[in-house]
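Predicted model only: the values in this text are computed from it and were never measured. Each chain gets a letter, A, B and so on, in the order its sequence line appears, and its residues count up from 1.
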2 protein chains.
Amino acid sequence: MTAIKETSTIQENKRYALEQCPVSYVMERIGGYWKPIILYHLSKGDKRYSELKRAIPAITEKMLIQHLKQLEADNLVIREAKPVVPPFVTYRLSNAGIGLLPVIEAMAQWAFQDMEGKF
Amino acid sequence: MTAIKETSTIQENKRYALEQCPVSYVMERIGGYWKPIILYHLSKGDKRYSELKRAIPAITEKMLIQHLKQLEADNLVIREAKPVVPPFVTYRLSNAGIGLLPVIEAMAQWAFQDMEGKF
DNA sequence: CATAATACATACTTTGGGGTAAGTACTTGT
DNA sequence: ACAAGTACTTACCCCAAAGTATGTATTATG
């Protein structure tokens, strides 16, 4: 989970951004290549780890759990593991994650309108 | 404006993300450290280049125009330059940019709720 | 005994977004 | 003559996010 140098300018700017701008605050949590896609899939229903993997063929396993862990740490998704073998792990949106649905939907709406040249 | 290697996996994945996920489509356009902040400021009214600079003290001039150019190329902001000297350049949201306001507001709402531990 | 399936972990490498620093053109004010 | 203000541009560097590749534990099944 890649250690972070606390002194770098980029980290200070990140902090600045988070304090100044609610939009940055959100981006910090759902940004990156894969998090939006994962959230989009989970917004359509709970999914097992392997289901997500199959649903997003282009993602590597490293990226998948890395982001799932971060989303879990950020309280956006909840991990549920049944103590069986082979493992059975389900991911679903938390309350905070569900709270993001209006954002997700607003984005989707804009995206489709923009794609169709509506602006 | 940093050349991009067209063959890299990361670029292919970006393309994949854009095609698969409307959320990624939006993030591609408003992502990064500074774009959200710039948009947030412009959402409160048109601004000159120097006004933006003063409004966001932590940003460097390189980052500021770089992102303004990208936002312009992405049709989110409109640049208007009066042919006077010293230069007088104004930036404002385009129709597509204005279309993003619901997204911005949904994000802001979520951010403030999350900050106050509402989830 | 070996392979498959599931859900990860971890060492190593790449790359592109962001940062630093300096320069440009043109005019007004002192 | 020189600094100050405005809106940029350009060359160079760094590092954190993303990618590659391989390994782990456990049990069922042929």
Side-chain angles (χ1 to χ4, degrees), chain A residues 1-17 24 27-38 47-72 77 79-91, chain B residues 1-17 24 27-38 47-72 77 79-91:
Chain A
M1 216 160 273
T2 29
I4 295 173
K5 218 179 202 175
E6 287 299 331
T7 51
S8 65
T9 319
I10 192 165
Q11 291 305 318
E12 282 174 39
N13 281 341
K14 215 173 240 179
R15 234 169 273 133
Y16 169 84
S24 295
M27 304 291 285
E28 221 359 66
R29 285 176 162 64
I30 68 173
Y33 294 141
W34 300 114
K35 276 187 205 160
I37 304 185
I38 295 172
K47 295 238 164 13
R48 290 184 66 179
Y49 175 83
S50 50
E51 287 180 305
L52 283 171
K53 223 179 66 179
R54 272 189 296 273
I56 315 171
I59 200 174
T60 64
E61 298 203 50
K62 182 199 166 189
M63 285 295 107
L64 184 53
I65 21 120
Q66 191 177 105
H67 286 125
L68 282 171
K69 296 285 172 198
Q70 284 174 22
L71 290 169
E72 198 195 353
V77 309
R79 195 190 94 113
E80 227 155 353
K82 288 182 188 166
V84 297
V85 68
F88 194 100
V89 179
T90 316
Y91 291 91
Chain B
M1 215 160 274
T2 31
I4 294 173
K5 219 178 201 173
E6 287 298 332
T7 51
S8 66
T9 319
I10 191 166
Q11 289 306 316
E12 282 173 39
N13 281 342
K14 214 174 242 179
R15 235 170 272 134
Y16 168 85
S24 295
M27 303 291 284
E28 222 356 68
R29 285 176 161 64
I30 68 173
Y33 291 143
W34 300 113
K35 276 187 204 160
I37 303 183
I38 295 173
K47 294 237 164 16
R48 291 184 67 180
Y49 175 84
S50 50
E51 286 179 305
L52 283 170
K53 224 179 68 179
R54 272 189 296 274
I56 315 170
I59 201 174
T60 63
E61 300 202 46
K62 180 198 164 190
M63 286 294 107
L64 183 53
I65 23 118
Q66 191 178 105
H67 287 124
L68 283 172
K69 297 285 172 198
Q70 285 174 23
L71 289 169
E72 197 194 353
V77 309
R79 195 190 93 113
E80 229 157 352
K82 287 182 189 166
V84 297
V85 68
F88 194 99
V89 179
T90 315
Y91 290 92

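Rounded to an integer number of Å, the gap from CD of B:Glu28 to P of D:dA17 is 17 Å. Between B:Tyr33 atom OH and D:dC15 atom C1' the separation is 10 Å, expressed in whole Å. We find that CE of A:Met63 is positioned 7 Å from C1' of D:dA17, with the value rounded to whole Å. Rounded to whole Å, atom P of D:dA4 lies 16 Å from atom CZ of B:Arg54. Between the OH atom of B:Tyr16 and the P atom of D:dA18 there is a distance of 16 Å, given to the nearest Å. For the pair A:Gln66 CD and D:dG19 C1', the computed distance is 10 Å after rounding to whole Å. To the nearest angstrom, P of D:dA7 lies 15 Å from CD1 of B:Ile59.
For D:dG19, the OP1/OP2 oxygens have a side-chain nitrogen or oxygen of B:Asn13 closer than 4.0 Å. Contact check, B:Lys47 against D:dA7: no side-chain N or O comes under 4.0 Å of OP1 or OP2. Considering only side-chain N and O atoms, A:His67 lies under 4.0 angstrom from the phosphate OP1 or OP2 of D:dA18.
A rotation axis mapping the C1' atoms of four pairs onto the next four is fitted at both ends of the helix from C:dC1-D:dG30 to C:dT30-D:dA1 over five pairs, and the angle between these axes is 20° to 10 degrees.
Using modelled atom types, one finds a donor on one side chain and an acceptor on the other under 3.5 Å when comparing B:Glu61 with B:Tyr49.
Separating the CE atom in A:Met63 from the CD1 atom in A:Ile37 is a distance of 13.0 Å, to the nearest 0.5 Å.
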Set out, line by line, the N/O atom pairs under 3.5 Å between protein and nucleotides 7-11 of chain C.
| from | atom 1 | to | atom 2 | distance (Å) |
| --- | --- | --- | --- | --- |
| C:dA7 | OP1 | A:Arg48 | NE | 3.1 |
| C:dA7 | OP1 | A:Arg48 | NH2 | 2.8 |
| C:dA7 | OP1 | A:Pro87 | O | 3.3 |
| C:dA7 | OP1 | A:Val89 | N | 3.1 |
| C:dA7 | OP2 | A:Ser50 | N | 3.1 |
| C:dA7 | OP2 | A:Ser50 | OG | 2.9 |
| C:dC8 | OP1 | A:Arg79 | NH1 | 2.3 |
| C:dC8 | OP2 | A:Arg79 | NH1 | 3.4 |
| C:dC8 | OP2 | A:Tyr91 | OH | 2.8 |
| C:dC8 | N4 | A:Glu61 | OE1 | 3.2 |

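Side chain of B:Ser8, nearest nucleotide from C:dG16, D:dT26, D:dG19: C:dG16. In this structure, of D:dT20, C:dG18, D:dA18, it is C:dG18 that holds the atom nearest to the side chain of B:Trp34.
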